[in-house]
Amino acid sequence: MQVNLREAWRIGPVAVPSRLVLAPMAGVSVQAFRRQGRRYGAGLVCSEMVSCAGIHYRNERTLGYLRIAPDERPLAVQIFGSEPELMAEAAEMVEAAGADIVDINFGCPVRKVTKTGAGATLLEQPERACRIVGTVADAVSVPVTVKMRRGLENGSRTCLELGPQLVDAGASSLTLHPRSARQMYTGEADHRLTAELVDLVDVPVVASGDVVSHNRALEILETTGAEAVMVGRAAQGNPWTLREIVDGVDERPSRDEVAAELIVFIRETARELGERRAAGFLKKFYGWYLRGGGFPRPFVQELVRLETTNEVVERLLIAEPGAAAAVARIDADMPDADGTLVPLPISAFGGG
Ligand SMILES: Cc1cc2nc3c(=O)[nH]c(=O)nc-3n(C[C@H](O)[C@H](O)[C@H](O)COP(=O)(O)O)c2cc1C
């Protein structure tokens, strides 16, 4: 039976309108990324991981704003930490900010995080991991979900032991990225483990890792029984790939359209992070968008050297004058980002 990626599914009471979830990615999943992801077919989007200690102390240097706009929902906000009570406190704030789902990170392999006992470390601490999920689930009324890796070491099958325990503790859905923490992003995601996990739990499982095309998404959904696929790196600077993955229609954008999506992304990110932070943050996106969009490398290098986001936008409009009309079309389709503004510390480090 052929799976339809436009089919709706549920995480507890939350209806998710398509079977594509946009991955949480530290340093990437800003609001502009999430809103764009929803426009291109993602049924659920996620914030990058937010430090629960940062929320508790509210004095983190990376204090930023998490703005939840109506058009990005349903939205999961991901938290990381190792203390159940602090995690529960963070989850309460996340719920108050308007998130539809609280997601817990048991996957981050980055040492800065694992050495604090958070992220992937918790895969080897089932008792603490379950206490975190249980305490968080008791503290909020929205569904609590978990994103995890297969285990710490290569070949590990820890996720299959831990997954059912996390569901018993209160997890409403599990996302599995079936690489080990040691692997980081090397090798391949082994979705045979995803299939095994699906058989073991009675909550929806989301398959994360190496989903890059419609055919690959169908294959993973059909062979694993997962409810949805999650897409991460393939969507960086390339929202069109989300549409291809959901609908199987591969319409390559014109250069005008690529420039226009980048201009909207720049403008929205500058609004979210402020000009100073955004100017540096955005540089990696220029290459992601423009190299995929057929722009020459020297042009990308020229943009990266410009200091302000306004200069970048002006340069893009000179190169692609037709982008102005394309920006107007995107704006006409987009409601205002007048969501709630809640000061939350966003993590400076990333991974999962
Ligand atoms: C730059 C980057 C940052 C990431 N940050 C997070 C994160 O904050 N939380 C998380 O659970 N996973 C994070 N991940 C992992 C992704 O969510 C995803 O599971 C992984 O990239 C595999 O999917 P892909 O092959 O579609 O990229 C990150 C991945 C990348 C590449």
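Just follow the structure's listing: the first ligand is 1, and inside any ligand the first atom is 1. Count residues from 1 along the sequence.
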Problem set entry | Under 3.5 Å side-chain donor-acceptor pair for Glu311 and Thr308 | yes
Problem set entry | Qualifying residue, where the test is side-chain contact (heavy atoms from CB on, under 4.5 Å) with Tyr40 and the options are Glu261, Glu244, Arg35 |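 Only one option passes, and that is Glu261.
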When you look for heavy atoms under 4.0 Å from ligand 1, do you find them on the side chain of [X], its backbone, both, or neither?
X	value
Lys147	side chain
His177	side chain
Asn105	side chain

Exercise. Considering only heavy atoms, which of Gly232, Pro24, Cys46 lies nearest to atom 14 (N) of ligand 1?
Worked result: Pro24
Exercise. Going by distance only, is there an N or O of Arg233 that falls short of 3.5 Å from an N or O of ligand 1?
Worked result: yes
Exercise. Can an N or O of Val231 be found at a distance shorter than 3.5 Å from an N or O of ligand 1?
Worked result: no
Problem set entry | Tyr185 heavy atom under 4.0 Å from ligand 1 |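 Flag set, Tyr185 near ligand 1.
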Exercise. Does Cys108 reach ligand 1, in the sense of a heavy atom lying below 4.0 Å from it?
Worked result: no
Problem set entry | Heavy atoms from other residues, nucleotides or ligands near CZ of Arg252 exceed 12 (cutoff 6.0 Å) | yes
Exercise. Is any side-chain N of the basic residue among Arg131 and Glu83 closer than 4.0 Å to the acidic one's carboxylate O?
Worked result: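 Answer for the salt bridge query: no.
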For this session: Quick one: list whatever passes ring-ring contact (aromatic ring centres under 6.0 Å, His included) with Trp288, sequence neighbours left out.
Result: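 Partners of Trp288 under the ring-ring contact (aromatic ring centres under 6.0 Å, His included) test: Phe285.
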Exercise. In terms of atom number and element, which parts of ligand 1 are under 4.0 angstrom from non-hydrogen atoms of Ala23?
Worked result: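 Near Ala23, meaning under 4.0 Å from one of its heavy atoms, ligand 1 has 17 (O).
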Seminar exercise, completed: One finds that the ligand 1 atoms under 4.0 Å from a non-hydrogen atom of Asp210 are 24 (P), 25 (O), 26 (O)
Exercise. So Phe265 and Phe33, would you call those rings parallel, tilted or perpendicular, with 30° and 60° as cut-offs?
Worked result: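 If you compare the ring of Phe265 with that of Phe33, the planes turn out perpendicular.
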Seminar exercise, completed: Rounded to the nearest 0.5 Å, the CG atom of Asp250 sits from the CZ atom of Arg243 at a distance of 11.5 Å
